[in-house]
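See below for the structure under consideration.
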Amino acid sequence: MEKFRSGEVVPMSCNYKAYDKDGRSRDDETTYLEKGSKFPPLQHEGGYWVMDHNN
């Protein structure tokens, strides 16, 4: 599982899910991000984004 940080360039257009530093997701919500854009900021310090392979 590759983790992406806020501000990094999105490698592939698809849905991504946000997690906090402890690996917990607040809900089942995903965000569709376009390749070449940047990962948006997260509320929690140390949070990260992961590709959602379920959709």
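All values reported here derive from a predicted model rather than from experimental measurement. Only heavy atoms go into these numbers, but all of them, side chains included; no hydrogens, no water, no symmetry mates.
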Minimum heavy-atom distance between Ser6 and Trp49, given as atom pair plus value:
OG-NE1, 3.9 Å
If the plane angle is over 60° it's perpendicular, under 30° parallel, otherwise tilted; pick one for Tyr16 and Phe39.
perpendicular
Would Tyr32 and Met12 show up in the same hydrophobic cluster when neighbours are defined by side-chain heavy atoms closer than 4.5 Å?
no
Heavy-atom nearest pair, Gly36 first then Val9, reads CA-CG1, 3.8 Å
Heavy-atom nearest pair, Lys38 first then Gly7, reads CD-O, 3.3 Å
Quick one: list whatever passes side-chain contact (heavy atoms from CB on, under 4.5 Å) with Asp28, sequence neighbours left out.
Lys17
What one should report as the nearest heavy-atom pair of Pro11 and Met51 is CG-CE, 4.2 Å
For Ser25 against Ala18, the heavy-atom pair lying closest together
OG-O, 3.3 Å
Is there a path of hydrophobic side-chain contacts, each under 4.5 Å between heavy atoms of I/L/V/M/F/W/Y residues, joining Tyr19 to Leu33?
no
With distance as the sole test, does Asp20 use its side chain to make a donor-acceptor pair with the main-chain N or O of Asp22 at under 3.5 Å?
yes
Quick check: closest heavy atoms across Arg5 and Gly47, and the distance to 0.1 Å?
NH1-O, 3.1 Å
